[in-house]
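Predicted model, so just to flag it, every value in this text is computed and none were measured. Count residues from 1 along the sequence.
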Amino acid sequence: MTDIDFSAVPSPCYVVDERLLTKNLELLGSVQERTGAKILLAQKGFSMFAEYPLVGKYLAGVTSSSLFEARLGYEKMGKEVHVYAPAYVDREFDELLSYTDHIVFNSFAQWRKFKDKVLNYPGRKIEVGLRINPEYSELEVPLYDPCSPYSRMGITLENFDESDLEGIDGLHFHTMCEQNSDTLENTLKVVDEKFGHVIKNMKWLNFGGGHHITRPDYDVERLIRCIEFARDKYDVQVYLEPGEAIALNTGYLVATVLDTIKNGMDIAILDTSAECHMPDVLAMPYRPNIAGAGMPGEKAITYRLGGMTCLAGDVIGDYSFDRPLEIGDKLVFGDMAHYTMVKNHMFNGVNLPSIATYSDEEGIKVIREFKFEDYSSRLS
């Protein structure tokens, strides 16, 4: 899987391979160079700010959905900061604007409520957008579908008030999740049909996130054509804001076997947790790969891997191995950089994995280890 010596890191530990991260960023950078589009890091997918200097060498900035995300991008990367939220909190709004270059509103009511503050912000112009809902998607999981029936995300054509667009600079749509550019192409046709007459009067168009650009089978050339279509037809600046694509297949989670038991099958308990450390395993759901492991029954012995919390369903999945697992064995989970650190938590008081990087120049570098105070400081 890799030449990193995982025995040298604490356990559990997220390890981001900067060589792989750079490879992803180079691909994204080439899309920008070829099209003039600007690609932003969606911090909801990857907020490891120790890597922001590297990310900032290639990308135009960050997107945020909260005050804290906006401040993090502003302070740690220092490039463009774009903000979108389904609704903004009154008491946070003034501070939020201080970090923001672009702000997108989810409704005309929100736009009207905050319009004066945004348009009259002292010292600089803040670009303003509206999120539209084209009512088209190709997602099968409602939890991740921004265009599912009764979605709270974006303004449908029926509710789009063209009489109140003065001061609006762009439109934003986000309909995708882990999808290829054929879905973008199909979505763009619907957006063009429904909202093209509005886009022609805009400065920019944001394609949102969910673009799996760095996946091996992703059709980059089709993406290029989509960007060029919007750019050439409407003379707009195009933005994309993937989160997962930045860190896709760049990181690992190293864990250790704490115990093995039997209850109708072989079970191994690890010092990590699906619930705490890789919650999308339960929410998505999905089955992460483990170096050297196979599907159930594929290799000599199959184990159900469980976490160390008291949640009965804290199960990572069933995996087979060439030999029986022993206490102290290290297991290395793949593709653990995105939607892990940003979503993990300390249920049961279980500590968070350490965070480390690997580069050819510095080898393994432990960036952060967590302590009791990180747990207790969040509580009353």
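The CG atom of L352 sits 7.0 Å away from the CG atom of D374 when rounded to the nearest 0.5 Å.
Checking each of H212, R215, K44 against E244 for a side chain to side chain donor-acceptor pair (under 3.5 Å) leaves exactly one that passes, namely H212. Among the candidates E178, M176, E241, the single residue satisfying the side chain to side chain contact (heavy atoms under 4.5 Å, CB included) test with H211 is M176. Results of the side chain to side chain contact (heavy atoms under 4.5 Å, CB included) test with L96 over F114, F68, Y88 single out Y88 as the only residue that passes. Checked against E127 for a side chain to side chain donor-acceptor pair (under 3.5 Å), the options H102, Q237, K203 give a single hit: K203. Of the listed residues (R124, K125, K117), just one forms a side chain to side chain contact (heavy atoms under 4.5 Å, CB included) with Y121, and that residue is R124.
Between the side chains of D145 and S137, at least one donor N or O lies within less than 3.5 Å of an accepting N or O. Inspection of the Y99 and E95 side chains reveals an N or O donor paired with an N or O acceptor under 3.5 Å. Counted by atom type alone, T183 and E138 present one or more donor-acceptor pairs between their side chains at under 3.5 Å. Side-chain N/O atoms of S64 and Q43 include a donor and acceptor closer than 3.5 Å. Using modelled atom types, one finds a donor on one side chain and an acceptor on the other under 3.5 Å when comparing T309 with D314. Checked by atom type, the side-chain pair S11/T256 shows a donor-acceptor distance below 3.5 Å. In the model, T272 has a side-chain atom that pairs as donor or acceptor with a side-chain atom of H277 under 3.5 Å.
E275 places no side-chain N or O within donor-acceptor distance of the main-chain N or O of F347, the cut-off being under 3.5 Å. Between the side chain of E298 and the backbone N or O of M295, at least one donor-acceptor pair lies under 3.5 Å. In this structure a side-chain-to-backbone donor-acceptor pair under 3.5 Å is missing from N106 to Y84. One N or O on the side chain of N24 and one on the backbone of I246 form a donor-acceptor pair closer than 3.5 Å.
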>> Set out, in order, the CA-CA distance, both residues' side-chain angles and the distance that settles salt bridge (Lys or Arg N to Asp or Glu O under 4.0 Å) for K233 and D192, then state yes or no.
In response: CA-CA 10 Å; K233 182 169 184 177; D192 178 45; 3.1 Å; yes
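Between Y239 and W204, the ring-plane angle classifies as perpendicular under the 30° and 60° cut-offs.
Under a cut-off of 6.0 angstrom, the local environment of OH in Y58 is crowded, with over 12 non-hydrogen atoms contributed by other residues, nucleotides or ligands. Within 6.0 Å of OH in Y286 there are more than 12 heavy atoms belonging to other residues, nucleotides or ligands. A 6.0 Å sphere centred on CG of N348 holds more than 12 heavy atoms belonging to other residues, nucleotides or ligands.
Across every non-hydrogen atom of T250 and Y252, the tightest pair is O-CE1, 4.4 Å. Residues H172 and V104 share a closest heavy-atom pair of CB-CG1, 3.9 Å. A pairwise comparison of heavy atoms in F195 and P134 identifies CE1-CA, 4.3 Å as the closest pair. Looking at every heavy atom in both residues, A356 comes nearest to V366 through CB-CA, 4.0 Å. Between L282 and G313 the shortest heavy-atom distance is CD2-O, 3.7 Å. Scanning both residues, R231 and R34, for their nearest heavy atoms gives NH1-O, 4.4 Å.
A cation-pi contact, defined as under 6.0 Å to the ring centre and within 45° of the axis, is absent between R368 and Y14.
When the side chains of ILVMFWY residues are joined at heavy-atom separations under 4.5 Å, either directly or via intervening members, V118 and L165 end up in a single hydrophobic cluster.
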